[in-house]
2 protein chains.
Amino acid sequence: MKKKPITILDIGEELNISASTVSRALADSSLVNSETKKKVVELAKKYNYQPNFTALSLQSNSTKTIGVLIPNVVHEFFGLVLRGVEDHCHSSGYSCIVYPTNEDPDREISGIKALMTGRVDGVLLSFRGKTNLHIKQLIERNIPLVFFDTADESFATHRVLIDDKKAGYLATKHLIEVGSKKIGFIGGSENINNQLRLEGYKQAVSEAGITIDPQLIVYSLDKSQDEMGLEDSEKLLSVKGIDGIFATTDMFAVGVLKNLKKINLKCPEDIAVIGFSNWAISRVYEPSLSTVEQPGYEMGIKAAELLIDQIKNPETPSDFKTVLIPTEVIVRTSTARGNNVAHST
Amino acid sequence: MKKKPITILDIGEELNISASTVSRALADSSLVNSETKKKVVELAKKYNYQPNFTALSLQSNSTKTIGVLIPNVVHEFFGLVLRGVEDHCHSSGYSCIVYPTNEDPDREISGIKALMTGRVDGVLLSFRGKTNLHIKQLIERNIPLVFFDTADESFATHRVLIDDKKAGYLATKHLIEVGSKKIGFIGGSENINNQLRLEGYKQAVSEAGITIDPQLIVYSLDKSQDEMGLEDSEKLLSVKGIDGIFATTDMFAVGVLKNLKKINLKCPEDIAVIGFSNWAISRVYEPSLSTVEQPGYEMGIKAAELLIDQIKNPETPSDFKTVLIPTEVIVRTSTARGNNVAHST
DNA sequence: TTGTATGCGTTATCAA
DNA sequence: TTGATAACGCATACAA
């Protein structure tokens, strides 16, 4: 039995004035008698009047809400992105509808469809492929759209990314600097981020005059609970003389560290390991894990900022930006050897 | 320049029929001529017509949306809750507006206020205190409300919780079973969950005929990045003869394990350690950490289920349920001693 | 200073 | 079988 919320009409009736006057009084309009204004405000307070959000939206044609399609909410990086998005939204008076897609194309499509019905003023989206058609429809409807984390070049939108290739390059270069010569690459899945990180890896290896060895490059298909890629990293570690590993996620790097203990290889002495993302576990694990910072919070803030700016300035911007959030290598114990010092951040 | 989305009126004009007929045709009403129906459907498809969500909401007085006030989105447990909530919502045709409150009372209050304007059909809320007044207003407005994780007894609502006292009891009892006699308790903050877990701890200790020793009970105020409570657990470990520790979070338990290495105490041989929540890190860390499962996903599913049921059956239910999601002790290396065996889950 | 009428997009009711 | 009209709650242009 839903009790009907009080409306300006109810207030007007009780005061024998029209709804418009109530509306104006509540908006503190200068055209309204201060006596009646006072009465209205008092009554509104008494009944704890709240304007109906849906009516406001219908009339203003804006919902003050954005949609966020995010691959995973149980994830340190994406969680940070979401927190950044929400922080900026909150300070701009916006709300977020969150659609965790769990990397399922069907969920992505149904999310995009839901957002095409005018329930949000804009969309934040991590592009995972397979949804091109629906994204196109979104853009055709002129619904502001900003990509984060991954983007499709073919769409004219703002993008907020990290430079994955550069990050992969820097991580690999760091391994080379601490003396690694036979460096393995282990990636979680063959998505675009990991492909770019692999390109960076290849560039760094080539620049160092080392031949790229395909048997050192592994994509793990491990979809187990923790996705540590234990089996695949074991295989990688069996390559003779391997003395460095770049893993595209911290979890995979930890999987490597675990396997190292089993086969009695010492890290960092025998083999240096670097991960990716700077998750809590990289700080906590022993040995602590060198990694590449992936600033999710900043990415979320920036993406929300660009989106809301675009919502507020609806004339189609001619200059779509690709914002690259800076990353950096964080050196910890797992690569602390040679003339390098471990920072225990 | 926001392109106006197409409406049933537009379609009607083009076909020289009224909006009502279009509406009926789209609803596949049997009262409409199959010829015109066909035309309408075709045109709607051609223009990719989507009914305006806001108008639908205003007219039906329901938004098919729920609000979720959640303390933290960068958090394995709450992330799982959110995933569960979203999964159930998705399969019931609902969307979620997420308000991460970051434990900030102001954010909680502004979230609740935002939800009082009719933009959601119901609210999911983890009660953190200090917002009693606003929650009361929510209830007075007959907005369906379900508590998860923590609840305030004074409100008549459904609740989805774990039995924290029992969980604390079982964790401590497990330590006793593996031979611990002088057991420390370390909790992250003095919130209601931790207080209940402490009660369980006390009960188990007392039942074992051990006197409760206040110096063995510590609440850490560590608000550092990782909240491992390193300093406080160090203090606790300095108590002579301590041979078991129950930490109310896995992160704190890991902090204990780290400190043990420093002072050359062996786990589980010299001291047994059990955490709480069954986070990924408890499986990954070495030694692997015994812990108490805290089923966030199930909690989210159940909470969303109760809320949406209540939304669909608006007559005020007389029997508010308190659903306790079952928990269990997960035994790993950190307590594997005596006649116990480590399960490496 | 206030009231009336209109529109936002849709469905439902009533009339034709 | 279809159309006109009201209603959802609000803001605003126009009339008084």
Side-chain angles (χ1 to χ4, degrees), chain A residues 2-41 43-44 47-65 116-121 141 143 314, chain B residues 2-41 43-44 47-65 116-121 141 143 314:
Chain A
K2 204 156 179 176
K3 201 168 49 185
K4 284 223 168 179
I6 198 152
T7 70
I8 50 172
L9 204 77
D10 300 327
I11 294 180
E13 263 174 25
E14 186 160 339
L15 257 34
N16 280 317
I17 55 178
S18 75
S20 12
T21 305
V22 177
S23 173
R24 282 189 282 254
L26 258 17
D28 201 23
S29 158
S30 59
L31 325 160
V32 59
N33 182 298
S34 56
E35 279 294 301
T36 48
K37 195 187 280 187
K38 202 174 148 195
K39 279 191 212 161
V40 168
V41 170
L43 206 57
Y47 289 136
N48 190 20
Y49 165 79
Q50 304 280 11
N52 180 289
F53 189 84
T54 308
L56 245 29
S57 297
L58 184 62
Q59 115 96 20
S60 68
N61 191 30
S62 89
T63 60
K64 287 281 186 182
T65 306
M116 275 195 295
T117 59
R119 66 181 312 172
V120 294
D121 296 344
R141 279 169 188 271
I143 297 175
Chain B
K2 205 157 178 175
K3 201 167 48 185
K4 284 221 167 175
I6 198 152
T7 70
I8 49 172
L9 205 77
D10 300 327
I11 295 180
E13 264 175 24
E14 186 160 338
L15 257 35
N16 280 317
I17 56 177
S18 75
S20 353
T21 305
V22 177
S23 174
R24 280 188 284 252
L26 259 15
D28 200 24
S29 159
S30 61
L31 320 163
V32 58
N33 182 298
S34 56
E35 280 293 302
T36 48
K37 194 186 280 187
K38 202 176 149 195
K39 279 192 212 160
V40 167
V41 171
L43 206 56
Y47 290 138
N48 191 20
Y49 165 79
Q50 304 281 11
N52 180 290
F53 190 83
T54 309
L56 245 30
S57 297
L58 183 62
Q59 123 97 14
S60 67
N61 192 29
S62 90
T63 60
K64 289 281 186 181
T65 306
M116 275 195 295
T117 59
R119 66 180 312 172
V120 295
D121 296 345
R141 280 169 186 272
I143 296 175

Nucleotide of D:dT2, C:dG9, D:dC10 approaching B:L31 most closely (side-chain heavy atoms)
D:dT2

Any idea which of D:dG9, D:dA11, C:dC14 is nearest the B:R24 side chain?
C:dC14

Out of C:dG3, D:dA11, D:dT2, which has the shortest distance to the side chain of B:T21?
D:dT2

Write down the distance between CG (B:L15) and P (D:dG3), rounded to a whole number of angstrom.
10 Å

Just N and O in the side chain of A:Y49: are any of them under 4.0 Å from OP1 or OP2 of D:dG9?
no

Kindly indicate whether the side chain of B:S20 and the base of D:dA4 share any N or O donor-acceptor pair separated by less than 3.5 Å?
yes

Within the structure provided, determine whether B:R119 and A:T65 are in side-chain contact (heavy-atom separation under 4.5 Å).
yes

Of the options D:dT2, D:dC8, D:dC10, whose atoms approach the side-chain atoms of B:L58 most closely?
D:dC8

Using a heavy-atom cut-off of 4.0 Å across all strands, would you classify A:L9 as base, sugar-phosphate, or nothing?
nothing

Side chain to side chain, B:T21 and B:N33, heavy atoms closer than 4.5 Å:
no

Are side-chain heavy atoms of A:N52 and A:T7 found at a separation under 4.5 Å?
no

A:L26 side chain near A:I8 side chain, heavy-atom distance below 4.5 Å
yes

Picking from D:dC10, C:dT11, C:dT2, the nucleotide nearest the side-chain atoms of B:L56 would be C:dT11

Taken to the nearest whole Å, NZ/A:K38 to C1'/C:dT2 is 20 Å

Among C:dG9, D:dA4, D:dG9, the nucleotide that comes nearest once only the side chain of B:S18 is considered
D:dA4

Answer yes or no: side-chain N or O of A:T36 and base N or O of C:dT1 forming a donor-acceptor pair under 3.5 Å.
no

What's the spacing between A:R141 CZ and B:N48 CG if we round to 0.5 Å?
4.5 Å

By nearest atom, which of the nucleotides D:dT2, D:dA13, D:dA11 is closest to the A:Q59 side chain?
D:dA11

Rounding to a whole Å, what distance do you find between A:I17:CD1 and D:dA11:P?
14 Å

Remember a base hit wins even if backbone is also touched, and classify B:D10 as base, sugar-phosphate or nothing at under 4.0 Å, heavy atoms.
nothing

